[in-house]
Every structure is written in structure tokens, then in C-alpha cells.
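Order of the sequence lines sets the chain letters (A, B, ...), proteins ahead of strands, with each chain counted from 1.
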Amino acid sequence: MSHGWTEDRVDSLKKLWIDGLSASQIARQLGGGVTRNAVIGKVHRLGLTGRAEPSRPRRAAPMPPRPGRVAQARPRTSPPPRPVPPPPARPAAARFDPALALDGTATAATLGAHMCKWPIGDPGSDAFRFCGRPAPNRDPYCPEHRRVGCQPRKAAPLADDPIVRRVLAGLAA
DNA sequence: CCCTGATTCGC
DNA sequence: GCGAATCAGG
């Protein structure tokens with residue numbers, strides 16, 4: 001549910017793609033269960049391929065020899081090859097990351113690459129912390145803070161601007 | 001292992 | 001038209 005490439009979503013897709021966001025980033029931002037594959041598929045169908053490529057500046061092989069997988073029909077329904085027998089035997093030592101134990105306790109020192117970098121508190125204060133919760137993929141924030149961070153800031157009420165207030169006050173007077 | 005886009009093809 | 005599975009690569 002919640003799918004279908006509505007004009008709105010296609011517009012967002014185009015914009016984000018042209019802006020240079022990766023397919024997975026776009027997929028995440030569009031939300032609604034859209035995968036990066038879906039995004040890529042749509043991008044191609046729209047003829048939007050090609051732009052500043054983040055992760056592959058040059059294509060090494062033009063890919064002439066590439067007949068492999070078509071020949072050996074993809075086994076989607078038949079083969080459950082299960083050569084994976086013993087998973088256990090490692091109860092110990094799941095590494096404990098103290099920064100993940102509590103929200104808002106990660107410091108600049110303990111903040112890892114996969115932790116939410118949402119700032120908490122006064123950056124100048126000793127008490128300043130980062131959220132520190134798990135941040136999936138390459139995202140800087142955890143899912144919760146990502147949403148907040150992406151919210152198109154609702155236009156800050158003009159009247160909140162001190163300068164505007166003074167001008168308005170002056171006009172009134 | 002994380003990621004990137006590209007392609008194929010059943011639906 | 002859509003997108004999962006896959007490929008090919010950084």
C-alpha cells in the first residue's frame with residue numbers, strides 16, 4: 001500500500017535524482033516502502049540515467065561478455081540449497097557498545113559511524129551529547145531523527161523575526 | 001561489509 | 001509499467 005508513482009512522487013524522484021542523491025537515499029526519503037531498486041527502475045524508465053555518479057566515475061568494462069545468468073534460469077521457486085548447517089557456537093562476546101546503551105549519551109569521542117549524530121544540548125556545553133542510537137546505512141541520523149531532519153521546515157512565522165516585528169511596530173505607530 | 005548504478009525478466 | 005533478484009563494480 002501507499003505506492004504508485006503519483007506525479008508528486010515522480011517529481012520528488014526527479015528532483016532528488018538530479019540533485020545527486022543516491023537511489024537508496026531517495027528511496028528512504030520517499031518512504032512508503034519504496035526500495036532503491038524501485039527508484040532505479042523508475043529512473044531508467046523515465047530516461048533519467050546518467051549524472052554525477054557517486055560510486056563509479058568510470059566504467060571499466062563496457063560489458064561485452066555477459067551471457068552468464070540468462071542461460072542458467074533463475075531458480076526462484078525450486079532450489080532451496082541449504083548448505084548452511086551450524087550457526088551457533090558463539091554465545092559469547094557480542095561486543096558491547098556503551099554508546100548504544102542509552103539514547104543521548106554519545107559524545108564526540110564515542111560517536112561511531114553508524115550512530116545517530118543528532119545533537120542534544122548546547123554544543124558549547126560539557127553536557128553536549130549526540131543521540132547515538134543506531135543509524136542504518138550511511139544516514140547521519142537514526143530513523144526518528146532522520147524524519148525530523150528532513151521535514152521541510154515549515155516556514156518560520158515571519159512575525160517571529162525580531163526585525164519584522166520592529167518594522168511592523170513602526171508601521172503601527 | 002558497506003555501498004553504487006545497471007540489467008533482466010516474471011509479474 | 002513495476003521492481004526483486006542479480007550482476008558488476010568502488
Side-chain angles (χ1 to χ4, degrees), chain A residues 1-103 105-119 130-151:
Chain A
M1 41 147 106
S2 83
H3 284 83
W5 286 104
T6 62
E7 287 188 38
D8 266 23
R9 294 169 73 77
V10 172
D11 283 347
S12 296
L13 168 59
K14 286 179 179 174
K15 193 218 176 247
L16 294 170
W17 180 259
I18 293 171
D19 276 0
L21 293 188
S22 72
S24 64
Q25 286 176 313
I26 294 172
R28 262 180 264 116
Q29 183 149 342
L30 287 179
V34 175
T35 66
R36 79 180 195 92
N37 278 315
V39 169
I40 291 174
K42 188 56 180 174
V43 161
H44 278 238
R45 264 170 259 126
L46 289 172
L48 292 177
T49 67
R51 56 162 187 179
E53 298 166 59
S55 180
R56 202 213 300 114
R58 308 204 177 277
R59 182 170 309 181
M63 50 182 283
R66 214 181 77 76
R69 59 183 222 91
V70 178
Q72 53 156 87
R74 198 183 333 165
R76 196 178 312 216
T77 56
S78 49
R82 291 238 158 262
V84 193
R90 275 257 98 196
R95 56 173 65 94
F96 172 70
D97 192 337
L100 292 179
L102 297 171
D103 294 352
T105 56
T107 66
T110 62
L111 187 64
H114 301 249
M115 296 184 206
C116 179
K117 294 161 188 62
W118 189 265
F130 293 97
C131 165
R133 282 185 288 186
N137 305 316
R138 252 5 180 213
D139 286 328
Y141 307 126
C142 65
E144 290 76 12
H145 283 139
R146 185 197 310 143
R147 295 204 116 242
V148 179
C150 286
Q151 290 302 333

Open item on the list: At less than 4.0 Å, is any side-chain N or O atom of A:Trp17 found next to OP1 or OP2 of B:dG5? Yes or no.
Closed with: no

Task: Sequence-distant partners of A:Arg36, side chain to side chain contact (heavy atoms under 4.5 Å, CB included), two or more places apart - done: A:Ala23, A:Ser24, A:Ala27, A:Ile40

Open item on the list: Rounding to an integer number of Å, can you tell me how far A:Arg28 CZ sits from B:dC3 C1'?
Closed with: 10 Å

TODO: Check whether any side-chain nitrogen or oxygen of A:Thr49 sits under 4.0 Å from OP1 or OP2 of B:dG5, and answer yes or no.
DONE: no

Task: Value rounded to 0.5 Å, distance of CG in A:Leu13 from CG in A:Asp8 - done: 12.5 Å

- [ ] Take the protein atom CG of A:Leu13 and the nucleotide atom P of C:dG1, then report the distance between them rounded to whole Å.
- [x] 15 Å

- [ ] Measure up the A:Trp118 and A:Tyr141 rings against each other and bin them: parallel (under 30°), tilted (30 to 60°), perpendicular (over 60°).
- [x] perpendicular

Task: Step-by-step side chain to side chain contact (heavy atoms under 4.5 Å, CB included) determination, A:Val34 to A:Lys42 - done: CA-CA 11 Å; A:Val34 175; A:Lys42 188 56 180 174; over 6 Å; no

TODO: Let me know the distance between CZ of A:Arg9 and P of C:dG3, rounded to the nearest Å.
DONE: 9 Å

Open item on the list: Near DNA chain C, counting only heavy atoms under 4.0 Å, which residues of residues 35-45 of chain A show up?
Closed with: A:Thr35, A:Asn37, A:Ala38, A:Lys42, A:Arg45

Open item on the list: Rounded to whole Å, please give me the gap between CG in A:Leu21 and P in B:dT4.
Closed with: 11 Å

Task: ring-ring contact (aromatic ring centres under 6.0 Å, His included) against A:Trp17, all qualifying residues, sequence neighbours excluded - done: none

Open item on the list: Can you measure A:Leu48 atom CG to B:dT7 atom C1' for me and round it to whole angstrom units?
Closed with: 17 Å

Task: SB check A:Asp11 A:Lys15 (cutoff 4.0 Å) - done: no

TODO: In whole angstrom, give the distance that lies between atom NE2 of A:His114 and atom P of B:dC1.
DONE: 13 Å

